[in-house]
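Below is one structure, written out as structure tokens; the observations come after it.
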Amino acid sequence: QVQLVESGGGLVQAGGSLGLSCAALGDDFRNVAMAWFRRAPGQKPEFVATISSNGWQTSYADSVRGRFTISRDNVKKTVYLQMSSLKPEDTGVYLCAGGPSTPVESVRLYDYWGQGTQVTVSS
């Protein structure tokens, strides 16, 4: 079992940068892939990025590739999302998720979810 708590959201101007963190409680963190999703108002969660349990494999949505970087620290049991060149369309609630043995994009394959942190990008 893994409990996840996100932090680091806020308001930023277009073109700016923001870093998110997701702290995990539980022993399974090191054994599972982790991911970030985001949810715009009234929309389903959208895949953003995923990382393998050892941190060697990453995958990104086309909309964020080259601007966002996912990473993890298994000693600190934390996964990060560094966002740069932010756009208004990046606005949403960013959700940390974990669970699958391999990094995948499907929201249905993630068992553990945080409450989310709001990111708002103003134009």
Between [X] and [Y] (side chain of the first, backbone of the second, donor and acceptor by atom type, cut-off under 3.5 Å), is there such a pair?
{"X": "Q3", "Y": "L25", "value": "no"}
{"X": "S53", "Y": "V32", "value": "no"}
{"X": "R72", "Y": "G55", "value": "no"}
{"X": "T50", "Y": "S59", "value": "no"}
{"X": "Q57", "Y": "S52", "value": "no"}
{"X": "E6", "Y": "Q115", "value": "yes"}
{"X": "Y112", "Y": "C96", "value": "no"}

Notebook entry, point to check: Ring centroid separation for Y60 and F47, is it under 6.0 angstrom?
Noted result: no
Notebook entry, point to check: Quick one: are the ring centres of W36 and F68 less than 6.0 Å apart?
Noted result: no
Next item on the list: State yes or no: do L20 and I70 share one hydrophobic cluster built from I, L, V, M, F, W and Y residues joined by side-chain heavy-atom distances below 4.5 Å, directly or via other members?
Entry: yes
Checklist line | salt bridge (Lys or Arg N to Asp or Glu O under 4.0 Å) partners for R39, two or more places apart | finding: none
From [X] atom [atom1] to [Y] atom [atom2], the distance as rounded to the nearest 0.5 Å:
{"X": "L109", "Y": "E105", "atom1": "CG", "atom2": "CD", "value": "11.0 Å"}
{"X": "M83", "Y": "Y94", "atom1": "CE", "atom2": "OH", "value": "5.5 Å"}
{"X": "S63", "Y": "E46", "atom1": "OG", "atom2": "CD", "value": "5.0 Å"}
{"X": "S21", "Y": "K76", "atom1": "OG", "atom2": "NZ", "value": "9.5 Å"}

Check: Under 6.0 Å from the CD atom of Q118, do we count more than 12 heavy atoms belonging to anything else shown?
Finding: yes
Next item on the list: For the pair K77 and D27, find out whether any cationic side-chain nitrogen is under 4.0 Å from an anionic carboxylate oxygen.
Entry: yes
Next item on the list: Give the intermediate values and the outcome of salt bridge (charged side-chain N to carboxylate O under 4.0 Å, His left out) for residues D90 and K87.
Entry: CA-CA 5 Å; D90 294 319; K87 305 175 182 179; over 6 Å; no
Next item on the list: Test salt bridge (charged side-chain N to carboxylate O under 4.0 Å, His left out) on D73 and R30 and set out the steps.
Entry: CA-CA 9 Å; D73 184 329; R30 297 180 181 87; over 6 Å; no
